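Shown next, in structure tokens, is the structure this report addresses.
From a predicted model like this one, the values you see are computed outputs, not experimental measurements. Sequence positions, counted from 1, serve as the residue numbers for this chain.
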Amino acid sequence: MPDPFFATRPEEMPSRDAVAQLTGLEYMQAIFDGRMAGAPIAGVMHFWSHEVSEGEVAFRGEPKFEHLNPMGGLHGGWYGTLLDSALGCAVATTLPRGAGYTTLEYKVNLTRALKPGTLVECRARVQHAGRSTAVAEGTIRGVEDGKLYATGSTTCIILRG
């Protein structure tokens, strides 16, 4: 797997026309391979794609000190951002050329506290990919300890044309 490449300036983001020429799986594979920049949020939140296949993606991430809340715990938004990203990218892998998606709703359940510096894997799988909506579920687990840290689900709307 190549080193992650995240857009840091607007001109590094792929154009809508370039993305529209690819299936969702081709686009996600191009990000995974480092041929196209990943989303800037992934760099800020310190996670990256680890596996990509049709209907499923795995991200890995490691929360940092800057992701803590005022109480000193990992901010729930870190879990949510990782899950929302993986769930949406799993949905993206099912899309034909020219189609896009956006999140309609997502839900996150935190099952245990995650400490900064803990490497986790977020695996997301599409449960349903229809003409106008898609549903996916995901988990965040520790890479070394295998413990479940969070679960999540999403419903996305499919945007065509």
Side-chain angles (χ1 to χ4, degrees), residues 1-16 19 24-25 27-53 55-95 100-127 134-157 159:
M1 180 182 99
D3 288 337
F5 164 46
F6 309 112
T8 57
R9 298 184 313 278
E11 56 272 12
E12 291 176 343
M13 294 291 293
S15 70
R16 286 184 185 252
V19 174
L25 180 58
Y27 179 44
M28 290 296 109
Q29 192 66 50
I31 292 170
F32 178 78
D33 293 342
R35 292 179 282 125
M36 288 187 162
I41 189 73
V44 171
M45 300 300 267
H46 202 249
F47 60 80
W48 54 92
S49 60
H50 181 69
E51 294 176 18
V52 175
S53 61
E56 185 172 346
V57 301
F59 284 6
R60 287 209 170 168
E62 187 178 9
K64 301 291 187 186
F65 171 79
E66 55 265 31
H67 302 127
L68 298 181
N69 64 30
M71 300 298 293
L74 182 64
H75 193 285
W78 191 88
Y79 300 84
T81 302
L82 177 56
L83 277 159
D84 185 40
S85 298
L87 292 163
C89 287
V91 167
T93 66
T94 68
L95 299 177
Y101 76 93
T102 194
T103 301
L104 284 174
E105 64 86 29
Y106 78 105
K107 182 176 185 341
V108 175
N109 293 306
L110 307 181
T111 59
R112 65 172 28 95
L114 185 55
K115 294 178 182 174
T118 304
L119 181 63
V120 296
E121 181 169 286
C122 180
R123 186 164 294 273
R125 290 181 187 87
V126 173
Q127 305 299 308
V135 175
E137 296 178 339
T139 59
I140 297 176
R141 291 187 177 275
V143 170
E144 291 184 19
D145 63 16
K147 291 180 180 177
L148 181 67
Y149 288 92
T151 64
S153 62
T154 192
T155 302
C156 295
I157 188 167
L159 307 169

In Å and rounded to the nearest 0.5 Å, what is the CD to OG1 distance from Glu62 to Thr118? 7.5 Å

Would a distance-only check, ignoring hydrogens and angles, find a side-chain to backbone donor-acceptor pair under 3.5 Å from Thr155 to Leu104? no

Sequence-distant partners of Pro14, side-chain contact (heavy atoms from CB on, under 4.5 Å), two or more places apart: Val19, Tyr27, Met36

Report, as yes or no, whether the 6.0 Å neighbourhood of atom CZ on Arg112 holds more than 12 heavy atoms from other residues, nucleotides or ligands. yes

Tell me if a side-chain donor or acceptor on Thr111 pairs with a main-chain N or O of Tyr149 at a distance below 3.5 Å. yes

Donor-acceptor pair, distance only, cut-off 3.5 Å: does the side chain of Gln29 make one with the backbone of Leu25? no

The test is side-chain contact (heavy atoms from CB on, under 4.5 Å); show your working for Phe47 and Ser85 and say whether it passes. CA-CA 10 Å; Phe47 60 80; Ser85 298; 3.5 Å; yes

Would Arg60 and Glu121 pass as an ion pair if we require N to O under 4.0 Å? yes

Full working for side-chain contact (heavy atoms from CB on, under 4.5 Å) between Phe32 and Trp48: CA-CA 8 Å; Phe32 178 78; Trp48 54 92; over 6 Å; no

Arg123 side chain vs Val57 backbone, donor-acceptor pair below 3.5 Å: no

Checking Asp33 side chain against Arg35 main chain: does a donor-acceptor pair fall under 3.5 Å? no

State, to 0.1 Å, how close Leu110 and Ala150 come at their nearest heavy-atom pair, and which atoms those are. CD2-CB, 4.0 Å

Keeping the roles fixed (side chain from Gln127, backbone from Arg125), state whether a donor-acceptor pair exists under 3.5 Å. yes

Rounded to the nearest 0.5 Å, what's the gap from OG1 on Thr93 to CD on Glu56? Could you check? 9.0 Å

Can a donor-acceptor pair be found, under 3.5 Å and without considering hydrogens, that links the side chain of His75 to the backbone of Glu66? no

Is there side-chain contact between Lys64 and Pro116, with heavy atoms separated by less than 4.5 Å? no

Taking the side chain as everything from C-beta on, heavy atoms only, tell me whether Leu74 gets closer than 4.5 Å to Tyr79. yes

Crowding at CD, Glu11 (>12 non-hydrogen neighbours, <6.0 Å): yes

Results of side-chain contact (heavy atoms from CB on, under 4.5 Å) for Pro40 - residues two or more places apart only: Ala7, Met13

For the pair Ser153 and Glu137, evaluate side chain to side chain donor-acceptor pair (under 3.5 Å) and give the outcome as yes or no after the intermediate values. CA-CA 4 Å; Ser153 62; Glu137 296 178 339; over 6 Å; no

Is Trp78 close to Leu114 at the side-chain level, that is, under 4.5 Å between some pair of heavy atoms? yes

With sequence neighbours left out, write down each residue that passes side-chain contact (heavy atoms from CB on, under 4.5 Å) with Cys156, or none if nothing qualifies. Val91, Tyr101, Thr103, Thr154

Nearest 0.5 Å please: distance from the CG atom of Asp145 over to the CG atom of Leu119. 10.0 Å

With a 4.5 Å cut-off on side-chain heavy atoms, are Leu83 and Ile140 touching? yes

To the nearest 0.5 Å, what is the distance between OG1 on Thr81 and CZ on Phe59? 11.5 Å

Lys/Arg N to Asp/Glu carboxylate O, Glu105 vs Lys107, below 4.0 Å: no

